[in-house]
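Chain naming here is simple, since letters A, B, ... match the order of the sequence lines and numbering starts at 1 in each.
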Amino acid sequence: MTIAQTSRADVAAVLARWLLGAVFLYMGLSKALNPVDFLKLLRQYDLTQSSLLLNSMAATLPWFEVFCGLLLLAGVAVRGTALALMAMLVPFTGLVLHRALLLQSALAIPFCAVKFDCGCGAGTEFICRKLLENFLLMLLSGWLLFGHGRRFSLRFSLIKPAASPPAVN
Amino acid sequence: MKDDPTQFGASSRPAAAGRIFGEAALVAVFGAAFAFAANQISPRGLALARDYFPAGTAASARPVAGGGLPVGAGANAGALSPAQSLAAQMKAMGLQLLDDNQAARLFRDPRFRRDVIVFIDARDEDHYLLGHIPGACEFNPYRPEKYFDTVLPLCQKAEQIVVYCNGGDCDDSESAAVMLRDVGIPNQKLFVYGGGITGWMTNGLPVETGARNSGNFLKPNP
């Protein structure tokens with residue numbers, strides 16, 4: 001890979017990091033400012049019968065997204081944040097897919113015609129578009145997970161590798 | 001290219017993966033602390049110990065599909081109509097269901113002007129201000145402490161209380177009715193208007209904007 005190509009890839013990775021950070025910041029804030037609406041949407045997944053657990057999820061998930069968004073924008077603990085986001089995106093995409101399949105079966109309509117507010121922060125959306133969006137977010141997270149997007153980062157890695165002992169001649 | 005030990009794919013892959021998992025754990029711990037603190041500080045934050053859905057935590061229990069859809073409605077969809085299912089569920093909860101005509105009749109009843117019949121709007125403040133049944137009291141069941149002082153004395157005095165929300169798959173009216181019952185309003189006084197504000201407007205009935213008894217009305221659709 002030439003220096004110019006490396007440079008272009010670095011710039012693209014930084015833009016991807018900022019984009020991912022901005023998306024999570026926006027999605028998180030839109031839910032955090034209306035937590036009751038998010039609570040109602042989260043309830044549709046029937047995740048738990050415990051109101052304490054449901055309230056805790058609805059109260060913390062949006063702010064956690066805001067936190068991750070800020071870390072990505074600032075470039076702090078980028079790979080750890082990307083992994084945390086993957087750990088949220090994968091199960092929630094599964095839940096959204098499961099609910100979409102239930103709705104499709106109830107309505108007897110084509111899968112991509114299913115439209116509902118999944119509680120992701122962007123309002124009512126067609127399911128295929130939502131899944132595509134989540135897939136792209138996972139791709140971007142995966143890219144950052146592999147160590148890209150270091151430029152303009154405050155502290156890319158929180159945990160530095162142990163220094164190797166000096167070579168003895 | 002120089003080997004970077006912090007990169008995935010470098011010679012010490014397990015160590016690098018361990019560092020990433022460690023970092024993710026740190027992000028999770030600090031993120032959770034930040035999230036709980038932010039929720040505590042936020043004026044809109046949720047009270048973690050409160051039961052926001054006294055009528056039942058599971059959303060799938062709600063049978064009606066007005067604006068949205070019930071989960072798992074496919075197999076038994078033909079057994080009961082949505083209205084019948086809703087009436088059955090209200091009965092099971094000890095609440096009585098009103099249809100559009102019954103709600104309109106109570107609205108026109110002279111006892112409504114004397115607060116013997118009370119309408120309760122169980123939606124949030126923004127929706128209430130945009131338009132509500134004229135004379136209805138605002139009572140958001142997710143922020144009950146804000147409204148108890150004004151709503152409870154009215155409900156205690158009233159003989160019939162009609163609670164409504166958006167209609168369709170909205171169940172905030174049930175939550176509000178159950179909450180009122182839990183603070184001592186007798187069950188037989190409580191009625192849930194299933195059509196909600198959507199059904200009310202569809203029937204061309206008057207809608208008041210702003211505060212209660214503001215005298216400002218929405219112009220009816222031609």
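- Looking at A/V78, only its backbone comes within 4.5 Å of chain B, counting heavy atoms on both sides.
- Note that CZ of A/R43 and CG of B/D171 are 4.0 Å apart. Values are rounded to the nearest 0.5 Å.
- Taking the side chain as every heavy atom from C-beta outward, B/E23 and A/S157 approach each other to under 4.5 Å.
- Across A/L61, A/V36, A/L70, the residue that shares the most heavy-atom pairs under 4.5 angstrom with chain B is A/V36.
- Around the CD atom of B/Q40, the shell of radius 6.0 Å holds no more than 12 heavy atoms that belong to other residues, nucleotides or ligands.
- Contacts of B/L26 with chain A are made by side-chain atoms alone, with heavy-atom separations under 4.5 Å and no backbone atom involved.
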Verdict with reasoning, B/V27 to A/F67, per side chain to side chain contact (heavy atoms under 4.5 Å, CB included): CA-CA 9 Å; B/V27 169; A/F67 183 75; 4.3 Å; yes
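- Only the backbone of B/A47 comes within less than 4.5 Å of a heavy atom of chain A; no side-chain atom from C-beta onward does.
- Among all heavy-atom pairs drawn from B/A24 and A/L83, the shortest one is CB-CD2, 3.6 Å.
- When each of A/L53, A/L52, A/V66 is scored by its heavy-atom pairs under 4.5 Å with chain B, the top score falls to A/L52.
- With a threshold of 4.5 angstrom between heavy atoms, B/A32 approaches chain A through N, CA, C or O but not through any side-chain atom.
- For B/F21, the CZ atom sits in a loose shell: 12 or fewer heavy atoms of surrounding residues, nucleotides or ligands are nearer than 6.0 Å.
- In this structure, the separation between CG on A/L158 and CD1 on B/I20 is 12.0 Å, given to the nearest 0.5 Å.
- Within a 6.0 Å radius of OH in A/Y26, no more than 12 heavy atoms belonging to other residues, nucleotides or ligands are found.
- Panel note: side chain B/R44, backbone A/L33; a donor-acceptor pair is recorded below 3.5 Å.
- Two residues are said to be in side-chain contact when any heavy atoms from C-beta on lie closer than 4.5 Å; B/F34 and A/F64 fail this criterion.
- Each of A/A77, A/A87, A/A84 has some count of heavy-atom pairs under 4.5 Å with chain B, and the biggest count is that of A/A77.
- Within a 6.0 Å sphere centred on CZ of A/F135, other residues, nucleotides and ligands contribute 12 heavy atoms or fewer.
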A/K40/B/D172 under salt bridge (Lys or Arg N to Asp or Glu O under 4.0 Å): CA gap, chis, key distance, verdict: CA-CA 10 Å; A/K40 289 184 201 174; B/D172 295 338; 2.8 Å; yes
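- Applying the 6.0 Å contact sphere to CZ of B/R50 captures more than 12 heavy atoms from other residues, nucleotides or ligands.
- Between the side chain of B/D51 and the backbone N or O of A/S51, no donor-acceptor pair lies under 3.5 Å.
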Trace of the side chain to side chain contact (heavy atoms under 4.5 Å, CB included) decision for A/T60 with B/N39: CA-CA 7 Å; A/T60 55; B/N39 178 65; 5.6 Å; no
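- Looking at every heavy atom in both residues, B/G22 comes nearest to A/I159 through C-CD1, 3.7 Å.
- There is no contact between A/F116 and chain B, counting heavy-atom distances below 4.5 Å.
- Considering only heavy-atom pairs separated by less than 4.5 Å from chain B, the leading option among A/L71, A/T81, A/D37, A/L39 is A/L39.
- Across all non-hydrogen atoms, the minimal contact from A/A58 to B/L46 is CB-CD1, 3.6 Å.
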